[in-house]
Amino acid sequence: LCETVGRRRCSPPLTESPFELREGRIWVEAKVFGHSSWGIFDTGSDGTALDSEFARTLGLASQGSKSATTVAGGVELAKVGRAEFEVGGRVLSSSEANALPLSLQIEGLQFILGFDALKDSPFVVWPKERRIAFGPSEGPQGSPFVLDGDIRPTTRVEVLGASSHAFLDTGSARGIS
């Protein structure tokens, strides 16, 4: 448990999860309502989504719908409410998860863990080791994300001596844009 020590607040301990790279995307295993599943760890997705069939398997009923634009174009999303994902011992929550036919787009895709669920838990991605660490990091591990009015994170990068902001998308085969 975290307690306040002097002026410094303790943070939850560091936890780790391995990941797989599939076609340039970061895939993680998660327990969703106790069911083991695989999905994309996607800093470029504003919201979290469950595959429609998987949501039905979990017993999640639609709580209405909304129109949205995805990489697949305009779609009607079924709202399924709160969803919790346990990844490497860390529980990541989305208060407004949606359901759509993800597995029709990418075989085996049961969820997209979006930035709405990721933004409140510090994490570090180690691509060479294929692992993600959740929780506070000791020392400089990388660059912090910047939220500049948009939920999607940007970070400072330097390429050939020039510094700029880049959008980091761990769910895209391109990665940085």
Side-chain angles (χ1 to χ4, degrees), residues 12 15-125 127 130-135 145 147 149-155 166-177:
T15 60
E16 292 188 3
S17 175
F19 68 82
E20 293 181 9
L21 275 178
R22 299 184 193 172
E23 297 179 4
R25 295 177 181 92
I26 293 178
W27 284 66
V28 293
E29 185 174 17
K31 287 196 182 215
V32 183
F33 298 112
H35 290 78
S36 218
S37 57
W38 281 90
I40 297 175
F41 183 91
D42 193 352
T43 58
S45 176
D46 293 346
T48 294
L50 295 164
D51 176 65
S52 303
E53 287 298 318
F54 184 51
R56 276 192 276 287
T57 300
L58 297 172
L60 299 175
S62 175
Q63 302 171 1
S65 64
K66 68 178 180 181
S67 297
T69 303
T70 71
V71 293
V75 295
E76 198 66 21
L77 300 175
K79 297 187 213 175
V80 294
R82 185 170 189 79
E84 291 188 346
F85 301 79
E86 184 182 330
V87 181
R90 180 64 53 120
V91 176
L92 305 167
S93 298
S94 170
S95 60
E96 298 180 5
N98 300 294
L100 65 155
L102 299 173
S103 61
L104 294 179
Q105 299 294 318
I106 301 175
E107 186 178 343
L109 182 58
Q110 294 175 295
F111 65 84
I112 293 174
L113 190 56
F115 201 67
D116 64 323
L118 300 173
K119 66 181 172 51
D120 293 326
S121 181
F123 61 88
V124 177
V125 177
R130 296 206 174 159
R131 62 188 172 97
I132 301 169
F134 295 95
F145 288 124
L147 297 175
D150 190 343
I151 192 171
R152 290 173 290 219
T154 61
T155 191
F167 170 54
L168 179 64
D169 186 352
T170 57
S172 168
R174 293 182 316 229
I176 295 179
S177 57

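This is a predicted model, so every value here is computed, not measured.
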task = Report the C-alpha separation of T43 and V125 in whole Å, then their side-chain angles, then the decisive distance to 0.1 Å, and conclude whether the side chain to side chain contact (heavy atoms under 4.5 Å, CB included) test is met.
result = CA-CA 11 Å; T43 58; V125 177; over 6 Å; no

inquiry  = Could you check whether any side-chain N or O of T48 sits under 3.5 Å from a backbone N or O of G114, counting only pairs where one atom can act as donor and the other as acceptor?
reply    = yes

ask   = Would R90 and F123 count as a side chain to side chain contact (heavy atoms under 4.5 Å, CB included) if you check the C-alpha gap in whole Å, the side-chain angles of each, and the deciding distance to 0.1 Å?
value = CA-CA 11 Å; R90 180 64 53 120; F123 61 88; over 6 Å; no

message = Consider side chain to side chain contact (heavy atoms under 4.5 Å, CB included). Of L118, D116, L113, L50, which one does S94 pass it with?
response = D116

query = Between S36 and K31, is there a donor-acceptor pair closer than 3.5 Å when you use the side chain of the first and the backbone of the second?
reply = no

Exam field: side chain D42 to backbone I112, donor-acceptor pair closer than 3.5 Å = no

Min side-chain heavy-atom separation I40-L102 under 4.5 Å = no

key: Distance-minimising heavy-atom pair for W38 and E20   = CH2-OE2, 3.5 Å

request  = Flag the pair F111 / V28 as yes when at least one side-chain heavy-atom distance between them is below 4.5 Å, and no otherwise.
outcome  = yes

request  = May I have the step-by-step check of side chain to side chain contact (heavy atoms under 4.5 Å, CB included) for K66 and N98, ending in yes or no?
outcome  = CA-CA 9 Å; K66 68 178 180 181; N98 300 294; 3.7 Å; yes

note = Heavy-atom nearest pair, P101 first then D51, reads C-OD1, 3.6 Å

ask   = Less than 4.5 Å apart, any side-chain heavy atom of R25 and any of I106?
value = yes

remark   = By salt bridge (charged side-chain N to carboxylate O under 4.0 Å, His left out), R130 pairs with (sequence neighbours left out) none

key: Heavy-atom neighbours of E96 CD exceed 12 at 6.0 Å   = no

Contacts under 3.5 angstrom, residues 54-63 side chains, donor-acceptor by atom type, not counting sequence neighbours:
unit_1	atom_1	unit_2	atom_2	d
R56	NE	E53	OE2	3.4
R56	NH2	E53	OE2	2.6
T57	OG1	E53	O	3.1
S62	OG	G64	N	3.4
S62	OG	G64	O	3.0

Identify each donor-acceptor pair in which a side-chain atom of residues 76-88 lies under 3.5 Å from a protein atom, sequence neighbours left out, and give them as a table.
unit_1	atom_1	unit_2	atom_2	d
E76	OE1	S67	OG	2.9
E76	OE2	S65	OG	3.2
R82	NH2	S93	OG	3.2

ask   = Of the non-hydrogen atoms in S121 and L92, which two are nearest, and what is the gap between them?
value = CB-CD2, 3.7 Å

query = Is the backbone of A30 close enough, under 3.5 Å, to the side chain of S37 for a donor and an acceptor to pair up by distance?
reply = yes

request  = Grab the two heavy atoms, one from P127 and one from F19, that are nearest each other, plus how far apart they are.
outcome  = CA-CZ, 4.0 Å

